[in-house]
Amino acid sequence: MQRDLEKLRAFYAEAPDDICLSDVDLDRIPSHVSIIMDGNGRWAQARGLDRSEGHVAGVDSLRETVTTSVRLGLDVLSVYAFSTENWKRPQHEVNLLMHLFATTLLKELPLFHQENVRLRFLGDLNQLPDETRSVFQEGLDETADHDGMTFALAVNYGARKEIVKACREISELVKRGELDPADIDEELFSSHLYTVGLPDPDLLIRTSGELRLSNYLLWQLAYTEFYVTDTLWPDFDRWEFLRAVRSFQGRNRRFGGVTGK
Ligand code: FPP
């Protein structure tokens, strides 16, 4: 966990009434925060705009969230940008999102350099349009040497597919005689998931008030604390992030055990 206290304090100056930086314990910042970014469409519709305007506004929230995560000293920020089910959206919306992912990533590369952020992708990238895939590859190559925070973008991600993929890979190893079924344990299974090498999320934030997981990180969220806010994704900002961290720090994480034992 790396953190520049001076930059952090400047970033969190001019606090609103209900929350300020000193409300959180900087020694207990979650290592991995994951976010289901939801509500772009409703944000746009409430303003009489096309849904696409909501996605465009969502980019600004995401940029601020990446910076917030770096300032707070997270090890990993992961976000759910496009699910395996999102292909069912109208074709023009899918096209816009794929284009937005590519253009945003290119535009934000200087930020990733400046903040020493390393990119990761979670999901099956083979199905993505060429433009998106090649920009994603460029992002991976350009940030491979960074050793600050990891920013993991889930695109064409589905947790059930991910679990089936792991089962297939492990079965192949068994079939080839390279693995004894008795040696299959949670650690081995995790190493066949897209998230290999990342710690499980400590905190999951979902915006727009929906109370469901939507096929996101089903394995990895086993002991994660949830924070759901009614705020729509384009309105999510550094203060809302701090409220989520404050709530997380008020929880008693027992991991199935008993407090104090
Ligand atoms: C959910 O809102 C949002 C998405 C499916 C797309 C997420 C995309 C962004 C935040 C844009 C920027 C992302 C990157 C990676 C550059 P929704 O459309 O489901 O909203 P609704 O539930 O109100 O319809």
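In listed order, ligands and their atoms are each counted from 1.
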Problem set entry | N or O pair under 3.5 Å between Asn86 and ligand 1 | no
Exercise. Looking at atom 9 (C) of ligand 1, what's its closest protein heavy atom, distance included?
Worked result: Asn40 ND2, 3.6 Å
Problem set entry | Short N-O contact, Asp38 and Arg206, less than 4.0 angstrom | yes
Exercise. Could an N or O of ligand 1 be found under 3.5 Å from any N or O of Leu100, whether backbone or side chain?
Worked result: no
Exercise. Side chains of Glu115 and His146: do they bring a donor and an acceptor to under 3.5 Å?
Worked result: no
Exercise. For ligand 1, which atoms, with element, lie under 4.0 Å from some heavy atom of Met37?
Worked result: 1 (C), 3 (C), 7 (C), 10 (C)
Exercise. Which word best sums up how the rings of Phe136 and Phe121 line up, parallel for under 30°, tilted for 30 to 60°, or perpendicular for over 60°?
Worked result: parallel
Problem set entry | Arg89, any N or O under 3.5 Å of ligand 1 N or O | yes
Exercise. Within a radius of less than 6.0 Å around NZ of Lys165, do more than 12 heavy atoms belonging to other residues, nucleotides or ligands occur?
Worked result: yes
Seminar exercise, completed: for atom 7 (C) of ligand 1, nearest protein heavy atom and its distance come out as Ala81 O, 3.5 Å
Exercise. Taking only heavy atoms of Leu153, which atoms of ligand 1 are found under 4.0 Å from at least one of them?
Worked result: 15 (C)
Problem set entry | Leu8 with Val117, same ILVMFWY side-chain cluster at under 4.5 Å | yes
For this session: Run the numbers for me: atoms of ligand 1, each under 4.0 Å from some heavy atom of Val59, listed by number.
Result: 12 (C)
Exercise. Any idea how Tyr216 and Tyr80 line up, ring-wise: parallel (<30°), tilted (30 to 60°), or perpendicular (>60°)?
Worked result: parallel
For this session: Identify, for atom 22 (O) of ligand 1, the protein heavy atom at the shortest distance, and state residue, atom and that distance.
Result: Arg42 NH2, 2.8 Å
Problem set entry | Option nearest atom 24 (O) of ligand 1 (shortest heavy-atom distance, choices His55, Arg51, Arg63) | Arg51
For this session: Indicate whether any N or O donor in one side chain lies under 3.5 Å from an N or O acceptor in the other, for Glu162 and His192.
Result: no
For this session: Under 4.0 Å from a heavy atom of Trp233: give me the atoms of ligand 1 that qualify, with their elements.
Result: 10 (C)
Problem set entry | Sub-4.0 Å atoms of ligand 1 with respect to non-hydrogen atoms of Leu62 | 13 (C), 14 (C), 15 (C)
Exercise. Hey, does Glu108 sit under 4.0 Å from ligand 1 if you only count heavy atoms?
Worked result: no
Exercise. Salt bridge or not for Glu85 and Lys161, using N-O below 4.0 Å?
Worked result: no
For this session: Considering the heavy atoms of Thr104, write down every atom of ligand 1 situated less than 4.0 Å from one of them.
Result: 16 (C)
Exercise. Under 3.5 Å, is there a donor-acceptor pair between the side chain of Thr132 and the main chain of Leu128?
Worked result: no
Exercise. Is Ser208 in contact with ligand 1, taking contact as a heavy-atom separation below 4.0 Å?
Worked result: no
Exercise. Between Asp202 and His32, do the side chains contain an N or O donor and an N or O acceptor separated by less than 3.5 Å?
Worked result: no
